[in-house]
Amino acid sequence: MFERLRLMLERYDELTNLLADPNVISDQNTWREYAKEHASMEEAINLYKEYLANQKNLEDCKEMMQGNDELADLAKDEFKECQKKAEELTQKLKIALLPVDPHDQKNVIVEIRPAAGGEESALFGAELMRMYVRYAERMHWHTQEINVELDDLGGIKECTFQVTGAGAFAKLKYESGVHRVQRVPETESQGRVHTSTVTVAVLPEVEDVEVEILDKDIKVDTYRSSGAGGQKVNKTDTAIRITHFPTGIVVTSQDERSQLKNKEKAFQVLRSRLYDYYKTKADSQYAAERKGQVGTGDRSEKIRTYNFPQNRVTDHRIGFTMYSLEDFMDGDLNEMIEALQLANQNEMLAKINS
């Protein structure tokens, strides 16, 4: 690990000089590549420099401990503190050197669909969408609807929206899966607690160059957007449906008044779904991977339970429970997401150590 850090420090210093080179500055594409690489090393390099400084303090303390005076006693105390700090910095360096998901800094496409539970599932799906929008606001990210279809009660039949912001995928990728809600529905006259589920899929947004979409492989249909009636109903065919024949993936977008904008959004979603499709197919069949991400929606496949009578939200993957469901549903997800990130780090560290 420390040999790797030594080489990283050499490269970091080299990049620091290159970023100040007038010839590199004049080539903005090259400068951006170097700046990105430089920034990706910064956390590990700062920790490594702190580790090296601490190691020097350890050596100095060793020399000072040779005597029998008061200074030697002080050096012994400082030596113990430096040893403890060395252990802490070593652990932090291991974490800083863990493999980074190349999609972590990307924007995301979020898809939410009701599963088991009928109307209650659809209503909770709408609440989950609001929860993610509120979380995005807290993170100073931007959200934009791509396709949202509501039922008569205000629940969602399905919805797709985009979240734009630095590190969006790094935070939201843990939300993929089956979300289970336990509560008394508004339509329940006898006060019985019902259990319903909603599936959530979080996909990284990909660039045009990452996925090739051939004209012969797709069919683009236009149709009239659905709405609440009256002036809100679109009088022209602005909604877009794209069918990708090789995979059977169908994408719709109808939330913009412009057919061109709906088409752009639909292709954005299609690229993300195709990237996910082909990436997972390299390891296993797509159907199996899709089930692994969001499941069938069955109640037993939950990754998280939202229990309203107990004011409790529990993530079953890491056994983490919070008793602040109202705040959680208002977008206060940081504590849960940080716990999931820490568990993921510990799992990767355990693999490295073993």
Side-chain angles (χ1 to χ4, degrees), residues 109-136 143-163 172 175-203 223-234 239 241 249-255 269 273 290-291 293-316 322 324-333 336:
I109 303 294
V110 182
E111 301 175 350
I112 301 175
R113 290 183 174 83
E119 292 176 344
E120 171 65 2
S121 175
L123 288 168
F124 186 63
E127 292 176 49
L128 282 184
M129 179 180 174
R130 178 187 177 277
M131 179 183 81
Y132 292 129
V133 170
R134 290 287 292 121
Y135 176 65
T143 58
Q144 191 171 24
E145 292 181 3
I146 295 175
N147 182 54
V148 178
E149 296 182 36
L150 302 176
D151 61 22
D152 294 336
L153 296 177
I156 60 164
K157 296 178 181 177
E158 67 173 86
C159 81
T160 306
F161 61 97
Q162 178 189 50
V163 181
L172 290 173
E175 297 303 300
S176 287
V178 176
H179 296 243
R180 181 176 71 171
V181 58
Q182 295 174 324
R183 64 181 177 186
V184 180
E186 293 181 9
T187 55
E188 170 57 55
S189 58
Q190 298 181 30
R192 293 175 298 182
V193 173
H194 287 221
T195 299
S196 305
T197 58
V198 172
T199 63
V200 176
V202 178
L203 309 174
Y223 61 98
R224 191 164 298 177
S225 299
S226 59
Q231 294 181 347
K232 292 186 179 179
V233 175
N234 206 318
R241 181 189 300 109
I249 292 174
V250 179
V251 173
T252 58
S253 177
Q254 63 170 352
D255 281 72
V269 175
R273 288 195 192 174
R290 192 68 174 175
K291 182 180 178 182
Q293 188 187 50
V294 301
T296 62
D298 186 83
R299 294 176 180 87
S300 63
E301 295 180 327
K302 79 280 184 181
I303 63 164
R304 188 178 297 155
T305 293
Y306 304 73
N307 187 299
F308 280 77
Q310 297 178 15
N311 190 36
R312 170 175 61 83
V313 55
T314 298
D315 196 287
H316 303 286
M322 298 170 59
S324 52
L325 184 53
E326 185 176 343
D327 291 338
F328 194 84
M329 295 304 298
D330 194 43
D332 190 3
L333 310 185
M336 177 69 77

With heavy-atom distances below 4.5 Å as the criterion, would you say the side chains of [X] and [Y] are in contact?
{"X": "Ile112", "Y": "Phe161", "value": "yes"}
{"X": "Thr314", "Y": "Asn307", "value": "no"}
{"X": "Thr252", "Y": "Tyr223", "value": "yes"}
{"X": "Val178", "Y": "Ile303", "value": "no"}
{"X": "Thr197", "Y": "Lys302", "value": "no"}
{"X": "Glu175", "Y": "Arg304", "value": "yes"}
{"X": "His179", "Y": "Val181", "value": "no"}
{"X": "Val269", "Y": "Glu111", "value": "yes"}

Please list, chain by chain and in numerical order, all residues satisfying salt bridge (Lys or Arg N to Asp or Glu O under 4.0 Å) with [X], sequence neighbours excluded.
{"X": "Asp332", "value": "none"}
{"X": "Arg241", "value": "none"}
{"X": "Glu158", "value": "Arg113"}

Verify side chain to side chain contact (heavy atoms under 4.5 Å, CB included) between Val163 and Tyr132, making sure each step is shown before the conclusion. CA-CA 9 Å; Val163 181; Tyr132 292 129; 5.9 Å; no
Kindly indicate, with the supporting measurements, whether the criterion side chain to side chain contact (heavy atoms under 4.5 Å, CB included) is fulfilled by Arg183 and Leu325. CA-CA 12 Å; Arg183 64 181 177 186; Leu325 184 53; over 6 Å; no
Please enumerate all residues that pass side chain to side chain donor-acceptor pair (under 3.5 Å) together with Gln310, with sequence neighbours excluded. Arg312
Test side chain to side chain contact (heavy atoms under 4.5 Å, CB included) applied to Ser253 - qualifying residues, sequence neighbours left out: Ile146, Asn262, Lys265, Ala266
Working to the nearest 0.5 Å, report the span between [atom1] of [X] and [atom2] of [Y].
{"X": "Asn311", "Y": "Ser324", "atom1": "CG", "atom2": "OG", "value": "7.0 Å"}
{"X": "Arg180", "Y": "Tyr306", "atom1": "CZ", "atom2": "OH", "value": "12.0 Å"}
{"X": "Arg130", "Y": "Thr143", "atom1": "CZ", "atom2": "OG1", "value": "12.0 Å"}

Nearest atoms (heavy-atom pairs only) where [X] meets [Y]:
{"X": "Ala116", "Y": "Ser121", "result": "O-CB, 3.5 Å"}
{"X": "Gln182", "Y": "Val193", "result": "C-CG1, 4.0 Å"}
{"X": "Pro185", "Y": "Arg192", "result": "CD-O, 3.8 Å"}
{"X": "Ser196", "Y": "Gly117", "result": "OG-CA, 3.6 Å"}

Residue list, ring pair (Phe, Tyr, Trp, His ring centres under 6.0 Å) with Tyr135, at least two apart or on another chain: Trp141
Between Asp151 and Lys157 (salt bridge meaning N to carboxylate O under 4.0 Å), is one present in this structure? no
The single option from Leu203, Ile109, Val148 that satisfies side-chain contact (heavy atoms from CB on, under 4.5 Å) with Thr160 is Ile109
